[in-house]
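As the structure lists them, so they are numbered: ligands from 1, and atoms in each ligand from 1.
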Amino acid sequence: MAGAWQRSGSRLRTRRIGLMGGSFNPAHRGHRHVTLEAIRALALDEMWWLVSPGNPLKPRAGMAPFAARLASARAMARRAPIRVTDLEARWRTRYTIDTVREVVRRYPRHRFVWIMGADNLAQFHEWDQWRAIARTIPIAVLTRPGYDDDALAAPAMGWLRRYRRPARQATNWAEWSVPALVLLRFRPDRTSATQLRAVDPDWHVRFANPFALPSTPAAPVRQPQE
Ligand code: ATP
């Protein structure tokens, strides 16, 4: 995708890009669903999934190899305006603030918005320099079953709430001064990677060598029935 994107010359025009960080351990249909909803609600050209080499706030135990997580994200992003990236591994950025600053510095023509589920807002105050993240790019928080109330009561909301923008103006995010926060609600999806690992702990074995059989896509991670 990166090649086509650069060849088409679109690097020269301003693009509206969402950044969604995560472990993608594994990527699942919830990621895809909320991404497509966010693209629509924010009128994005594309979403970049930043597959984290190691989230400082998540336990290492049970974390599948980076290559398998990246491959599962690529499979889940197929035929959608989603760019799966290994930028954090390549740039060796450990914290979101460093990644966000690097993205903004390297792609000055584009406009970026940080995207995260409501569960992340609930613990946002634990992120390194979280206020600096909010001062760098706008933030859109996506509805997630079981977390929306916690998110509204989140410690970070004590500071962020004064910067909240109405969801009906969400498509204007590129003109907002920062900090800016918008909470987006749409048909929720209950899928979580924790739940998928519980039913299929060895999911990553299918993605162990994603380059071995280029014409045979890896089987998708089993998704529970709704
Ligand atoms: P885990 O269960 O291992 O914590 P996860 O399912 O939350 O994983 P992550 O890779 O940590 O997946 O999530 C990446 C981003 O996607 C986060 O911002 C998270 O809040 C968001 N997200 C994941 N699943 C959903 C969902 N079902 N609804 C809304 N947001 C989601």
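Ring geometry, His110 versus Tyr107: the interplanar angle falls under 30°, so the pair is classed parallel (tilted spans 30 to 60°).
The shortest distance between side-chain heavy atoms of Val141 and Met116 falls below 4.5 Å. Looking at heavy atoms from C-beta onward, His33 lies out of side-chain contact with Pro188 at the 4.5 angstrom threshold. Between Arg13 and Asp45 there is a side-chain heavy-atom pair separated by less than 4.5 Å. Side-chain contact between Trp114 and Thr136 is absent, with no heavy-atom pair separated by less than 4.5 Å. Residues Val182 and Pro138 have side chains not in contact (no heavy-atom distance under 4.5 Å, counting atoms from C-beta outward).
Taking a cut-off of under 4.0 Å to the non-hydrogen atoms of Gly22, the atoms of ligand 1 that pass are 10 (O), 14 (C). Against a heavy-atom cut-off of under 4.0 Å, Met116 is close to the following atoms of ligand 1: 18 (O). In summary, the atoms of ligand 1 found under 4.0 Å from a heavy atom of Phe24, numbered by their order in the structure, are 10 (O). Within ligand 1, the atoms closer than 4.0 Å to a non-hydrogen atom of Thr194 are 1 (P), 2 (O), 3 (O), 4 (O), numbered from 1 in the order shown.
Counting only N and O atoms by type, the side chains of Trp49 and Thr35 include a donor and acceptor under 3.5 Å apart.
When non-hydrogen atoms are compared, ligand 1 lies under 4.0 Å from the side chain of His31 (C-beta onward) but not from its backbone. Of the heavy atoms in His33, none comes closer than 4.0 Å to ligand 1.
Contact between Thr143 and ligand 1 is present, with at least one heavy atom of the residue lying under 4.0 Å from the ligand. For the pair Pro188 and ligand 1, no heavy-atom separation below 4.0 Å is found. Between Arg197 and ligand 1 there is a heavy-atom distance shorter than 4.0 Å. Distances shorter than 4.0 angstrom occur between a heavy atom of Thr191 and an atom of ligand 1.
In this structure, Asp128 does not pair ionically with Arg94, as no charged nitrogen and carboxylate oxygen lie closer than 4.0 Å.
Considering backbone and side-chain atoms together, Ala193 places an N or O closer than 3.5 Å to an N or O of ligand 1. The N/O atoms of Val34, backbone and side chain alike, include none that comes under 3.5 Å of an N/O atom in ligand 1.
Closest to atom 30 (N) of ligand 1 by heavy atom, among His28, Arg190, Arg144, is Arg144. Remark: among candidates Asp119, Asn120, Val51, the nearest residue to atom 20 (O) of ligand 1 is Asp119, based on non-hydrogen atoms. The residue from Asp189, Leu184, Leu196 that puts a heavy atom closest to atom 27 (N) of ligand 1 is Asp189.
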For a ring-ring contact (aromatic ring centres under 6.0 Å, His included) check, start with the C-alpha distance between Trp176 and Tyr163, then their side-chain angles and the critical distance, and finish with the verdict. CA-CA 10 Å; Trp176 293 343; Tyr163 305 112; over 10 Å; no
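Of the possible polar contacts, none joining the Arg32 side chain to the Ala27 backbone as a donor-acceptor pair under 3.5 Å is found.
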